[in-house]
Amino acid sequence: MPTHLTKHSRRLLRGTVLVCALALGATACGDSDDGGSGQKAVSEADIQAALKEGGTITVWAWEPTLKQVATDFEKEHPGVKVDLVNAGTNKDQYTALQNAISAKKGVPDVAQIEYYAMGQYALTKQLTDLKSFGADKLSAQFSPGPWNGVKAGSDGVYALPMDSGPMALFYNKKVFDKYDIKVPTTWAEYLDAARDLHKADPKAYITADNGDAGFATSMLWQAGSRPYTVDGTKVKIDFSDQGAKTFTGTWQQLIDEKLLASVPAWTDEWYKGLGDGSIATLATGAWMPANLESGAKSASGDWRVAPMPQWKAGDKVSAENGGSALALPELGKNEALAYAFVEYANAGDGVQTRLKNGAFPATTADLQSTRFQDTAFPYFGGQKANKIFAESAADVPDDWSYLPYQVYANSVFNDTVGKAYVSGTTLAEGLESWQEASVKYGEEQGFTVEK
Amino acid sequence: MTSPVATASDRSAPPPSDTSRPAPRLRTPRRRHSADRPRRSVLLTVLTSLVLLYSLVPLVWLAVSATKTQEGLSRSAGLWFDGDFALWDNITETFTYDDGVFTRWLLNTLLYVGLGAGGATFLAVLGGYALAKFDFPGRRSVFAVVIGAVAVPGTALAVPTFLMFSKMGLTNTPWAVIIPSLISPFGLYLMWVFATEAIPTELMEAARIDGAGELRTFFRVALPLLAPGIVTVLLFTMVATWNNYFLPLVMLKDPDWYPLTLGLNSWNQQAATAGGEAVFNLVVTGSLITILPLIAAFLLLQKYWQSGLAAGSVKE
């Protein structure tokens, strides 16, 4: 998920990463001592029996709509207690999870993991392969992007997709109308729109970007770049393909002409900009409406949603940004119950509950349902935005893969690519040094890395 | 025997008077204008006013912002009110949002402060008294250790402490926050210095001759004399525990055990989550509510606290 870490929290992160590093030394992190547990099959009857018997499962998740799901699940199965713990948001939670796994203590039964971080846990066999529960039969229920995400570059199914983030262009119609700017359908038009807008109002910017790994990887994804190839422990990192050039070519111009607001995403300043029209567009995941509604209330009615601008006019290519799944850590207990909950939340009745509370689905049936597509968003002036999101979800190429250590790679994004936003380094050079840093770390971690 | 309380409360009215005098004069005989009618300095007044402004503006901002809605926060200027006055709504919502978890965090903080800061003060008083009034082998090395410990920031110890507590199975329990809070090297040092000055050894001897045991001497004779120092140390440790962020961050995963600092941060982080609700107005209001008890404690305990600081500065 494109979360910007403030300097402060990055420092904290570094501190906690140190905890893990130290803990690693003590307990040998990430060894997969019982790789055999993936083989056993758990039948539907086993799950039903576990539900009847009851028990407590601990779920680490920050997704707000899960709360109601947990309550409903408990109501349906009176013997079961779901202990829903918000152990921190994304990176904080991963650190906590990694620590718990290293210490082999306090590992939750279910953990929320974003697609970009999935590989890190799946490849080191820290997650239960859900094929033994028959999860592979659910593949048809989910849209291709997220399903590819939980497979994490290998055969297993390591989680069930919870939500997804097919990208769309959110834009402030009021601002566009005011300066008579056309909504861009290609990135070339987007660049023009950026120039026109900033010229018309020097305080307004087409978008805010000061270097965000999640955004950059999504943009590369859309532009056709496939920088990461993962085959077991063999990894290839290469930012020199045409797709990457396409992206950096345009984005470099936005940077060079100072057309991007240098406001860190997710800060109150950022929300302020979204509210007052000084940040005019956002190319981001379909989960954004809920954030806009609560964070930029004052702009209600001003914003609209358009399909992602294309690199080639007439194309229909999108990408995913963010989104997460629920996985069962190997060291968690009560597997049958945990799986029952995950299935309920992500493929069963829980999906409707979450949709009702504003989550964005990963299930194709819901994406295609008329009820979902006909939902009018008062925030977007009554626009039926889900239609655009659903279309985008179908247009996501499903051959993208993240690094098995993408969490680390993203954490050094600002030290490498991020320089392009503040100094004379170009984006392309930034990507090169990101590549170097990622290769180096991969080798240190024992991966075979090809450049 | 002169009680430090008496001397201090007499002087507590114009606290800046001490700083207005150049340092060397502390030793020279007092001049007429220095004690009750300090010499006025325009430069100093201006500087103090600037510092005062600097420290008050954030507070004013906080108080003003707590009256705004989420919308109003970004719509209006920082230091003036928005059209909607939403203070009461914000307070109500702060206590009811997320099933009223704020109250839980408040109680947690009170628990940590009560046991942590209270315990730290108690230990500091015992230790300081013992070091000041009893002669035993190794006293010097204890002194060295304490002085050294003052220099080590708690943040630097958080990670090693985490590893230790993790082995003991204490992480993610309130004990993980309370036990490390019990140690306050600075408090111990302060108590030590204070006890040296405030308790005349003759008085202890007199008590012993009258037949009082060591415990009785401590509780009946020493403790009342130490009161201003105790309050000072209590304030120090209270502030430290109340504001503690990094230690609970490392130790706790369960939001049910969060103190206010972590809880408010988790509300703040929420805005940075896909689909998460931005509740900056509640974060601001919650922060205001969080600092009120500290402000109250400072105002109520002010005179003890000041006398505690000045203790030992004048030889009688």
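Here is how names work: the chains are called A, B, and so on, in the same order as the sequence lines, proteins then strands, and each is numbered from 1. All heavy atoms count here, side chains included; hydrogens, waters and symmetry mates do not.
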Report task. Let me know if A:D276 has heavy atoms under 4.5 Å from chain B in its side chain, its backbone, both or neither. Result -> neither

Query raised in the report: Do B:Y245 and B:N265 have a side chain donor and acceptor closer than 3.5 Å?
Result: yes

Query raised in the report: Which of residues 171-179 of chain B have a heavy atom under 4.5 Å from any heavy atom of chain A?
Result: none

Report task. Can you see which heavy atom on A:G323 is nearest to which on A:W287, and at what distance? Result -> N-NE1, 4.2 Å

Query raised in the report: Any salt bridge (Lys or Arg N to Asp or Glu O under 4.0 Å) pairs touching residues 92-119 of chain B, not counting sequence neighbours?
Result: A:K67-B:D98, A:K67-B:D99

Report task. Give a yes-or-no answer on whether the side chains of A:Y94 and A:E114 include a donor-acceptor pair shorter than 3.5 Å. Result -> yes

Query - Contact origin within A:F360 toward chain B - heavy atom pairs under 4.5 Å - result: neither

Requested in this report: Give every residue pair that meets the side-chain hydrogen bond (donor to acceptor under 3.5 Å, both in side chains) criterion with at least one member in residues 353-362 of chain A, sequence neighbours excluded.
Outcome: A:T65-A:R354

Report summary line: Okay, A:W270 and chain B: the region with an atom under 4.5 Å from a heavy atom over there is neither

Query raised in the report: Which bit of B:E277 comes within less than 4.5 Å of chain A, counting heavy atoms only: side chain, backbone, both or neither?
Result: both

Report task. Over all heavy atoms of both residues, which pair between B:Y258 and B:W105 is shortest? Give the atoms and the distance, please. Result -> O-CD1, 3.2 Å

Report summary line: Across all chains, not counting sequence neighbours, the salt bridge (charged side-chain N to carboxylate O under 4.0 Å, His left out) partners of A:D209 are none

Query - Contact leader toward chain B among A:P289, A:S300, A:A87, A:S298, where contacts are heavy-atom pairs under 4.5 Å - result: A:S298

Query raised in the report: Is A:E74 reaching over with its side chain to a backbone N or O of A:V82, donor-acceptor style, under 3.5 angstrom?
Result: yes

Requested in this report: Go through A:N86, A:V85, A:L292 and name the one with the most non-hydrogen pairs under 4.5 angstrom from chain B.
Outcome: A:N86

Query - Contact check, side chains of B:F85 and B:L87, non-hydrogen atoms, under 4.5 Å - result: yes

